[in-house]
Amino acid sequence: MSQYPRDEFDKVPESSARQGVHRERLIPSRSTGLGLLITVGVLALLIGLAAYFVLPRLGIGAGSGDQSPAAGAPASASATATAAASATATPTSNTDEGEAEASPSPTAASTPTPSPTPTVPAIDPTQPVAVFNASGVSGLGAGVSGRMSAAGWSVGAVANWTGAPQQGSGVYYSAPELAANAQAVGAQLGIPVLETPGFTSVTVVLGPEYQ
């Protein structure tokens, strides 16, 4: 006896070749090629990623792609440099000629000649020194002339001052060659030195303040 209950499929003519239709098991259809396509796609993706990240690090395939632009770059740079050099060659030479014409000759600048140093006259104690007393103190002129003689000076005239009243003492001279003598006498007596026309020799005028 069959373990299946009877149904409409059991009512089949006995002459029919189709038997046991209801007993046919539903076998799932075989899988299509979709899985194979997915697998192939995943493999292709992995290969592409490996080629993108791994091969450049290994230096495979990078030389042929970059070589042509790099080879063409020096040629274009050389051509540009040649054109620029030919374009600026003539103006540069003209500029150099203009600068050569405008620049002064090196021989034009001469070494400045040092000015001669003025010769300072030496002290000559043999030149006479005149002493005039304008202080109003009797004997002051004689005392100063004695000090001058003791210091080695040649003393000339010694007298009282007859000119305009003097407010102070001074050593006067007019000739430049007497400047050294006048400075030495003024330093010895402590009297200011004045270059004044009209005095033919070093002249000491003692004023009221001189003691």
Side-chain angles (χ1 to χ4, degrees), residues 70 73-211:
S76 60
S78 177
T80 304
T82 303
S86 61
T88 58
T90 302
T92 302
S93 61
N94 293 338
T95 303
D96 293 341
E97 292 177 0
E99 291 179 354
E101 294 176 359
S103 60
S105 174
T107 57
S110 59
T111 304
T113 304
S115 58
T117 303
T119 303
V120 178
I123 298 174
D124 184 8
T126 62
Q127 295 291 331
V129 177
V131 179
F132 291 93
N133 183 10
S135 65
V137 179
S138 178
L140 183 60
V144 171
S145 63
R147 291 170 52 189
M148 297 294 298
S149 298
W153 293 96
S154 176
V155 179
V158 178
N160 290 326
W161 177 256
T162 58
Q166 299 295 309
Q167 301 298 324
S169 302
V171 177
Y172 301 94
Y173 74 99
S174 60
E177 60 271 14
L178 298 178
N181 284 6
Q183 295 292 339
V185 171
Q188 183 177 350
L189 299 178
I191 297 175
V193 179
L194 301 174
E195 182 178 2
T196 306
F199 292 91
T200 58
S201 63
V202 176
T203 302
V204 178
V205 178
L206 303 174
E209 88 291 348
Y210 190 83
Q211 300 297 327

*Asks:* Apply side-chain contact (heavy atoms from CB on, under 4.5 Å) to A134 and list each qualifying residue two or more places apart in sequence or on a separate chain.
*Replies:*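 Applying side-chain contact (heavy atoms from CB on, under 4.5 Å) to A134 gives W161, Q166, V205.
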
*Asks:* What pairs of residues pass the side-chain hydrogen bond (donor to acceptor under 3.5 Å, both in side chains) test when at least one of them lies in residues 121-134, not counting sequence neighbours?
*Replies:*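 Qualifying pairs, neighbours excluded: D124-T126, D124-Q127, N133-S135.
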
*Asks:* For P128 and S201, work out which heavy atoms get closest and say how close.
*Replies:*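 So the two residues come closest at O-CB, 3.9 Å.
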
*Asks:* In the structure I gave you, are the side-chain heavy atoms of V185 and V193 within less than 4.5 Å of one another anywhere?
*Replies:*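 A side-chain contact under 4.5 Å is absent here.
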
*Asks:* Donor-acceptor pair, S145 side chain versus A142 backbone, under 3.5 Å?
*Replies:*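 Flag set: sc S145 to bb A142 pair under 3.5 Å.
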
*Asks:* Verify side-chain contact (heavy atoms from CB on, under 4.5 Å) between V144 and V158, making sure each step is shown before the conclusion.
*Replies:* CA-CA 9 Å; V144 171; V158 178; over 6 Å; no

*Asks:* In a check of side-chain contact (heavy atoms from CB on, under 4.5 Å) between V171 and each of T203, V202, V129, which one passes?
*Replies:*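 With V171 as partner, side-chain contact (heavy atoms from CB on, under 4.5 Å) holds for just one option, V202.
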
*Asks:* For S169, what residues pass the side-chain hydrogen bond (donor to acceptor under 3.5 Å, both in side chains) criterion, not counting sequence neighbours?
*Replies:*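 Result, side-chain hydrogen bond (donor to acceptor under 3.5 Å, both in side chains) vs S169: E209.
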
*Asks:* Can you tell me how far the CG atom of L194 sits from the OH atom of Y173, to the nearest 0.5 Å?
*Replies:*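 These two atoms lie 9.0 Å from each other.
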
*Asks:* Please enumerate all residues that pass side-chain contact (heavy atoms from CB on, under 4.5 Å) together with A159, with sequence neighbours excluded.
*Replies:*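 If we apply the side-chain contact (heavy atoms from CB on, under 4.5 Å) test to A159, skipping adjacent residues, the hits are F132.
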
*Asks:* Under the side-chain contact (heavy atoms from CB on, under 4.5 Å) rule, collect the residues that match up with S174, sequence neighbours excluded.
*Replies:*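 Partners of S174 under the side-chain contact (heavy atoms from CB on, under 4.5 Å) test: none.
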
*Asks:* Measuring from T200:OG1 to L178:CG, what's the distance to the nearest 0.5 Å?
*Replies:*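 Output value for this atom pair is 8.5 Å.
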
*Asks:* List the residues meeting ring-ring contact (aromatic ring centres under 6.0 Å, His included) with Y210, not counting sequence neighbours, and say none if there are none.
*Replies:*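 Counting only residues at least two positions away or on another chain, Y210 forms no ring-ring contact (aromatic ring centres under 6.0 Å, His included).
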
*Asks:* Going by side-chain contact (heavy atoms from CB on, under 4.5 Å), name the residues that satisfy it together with I123, two or more places apart in sequence or in a different chain.
*Replies:*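 Once residues adjacent in sequence are excluded, the partners of I123 under the side-chain contact (heavy atoms from CB on, under 4.5 Å) criterion are P125, W153, A180, N181, A184.
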
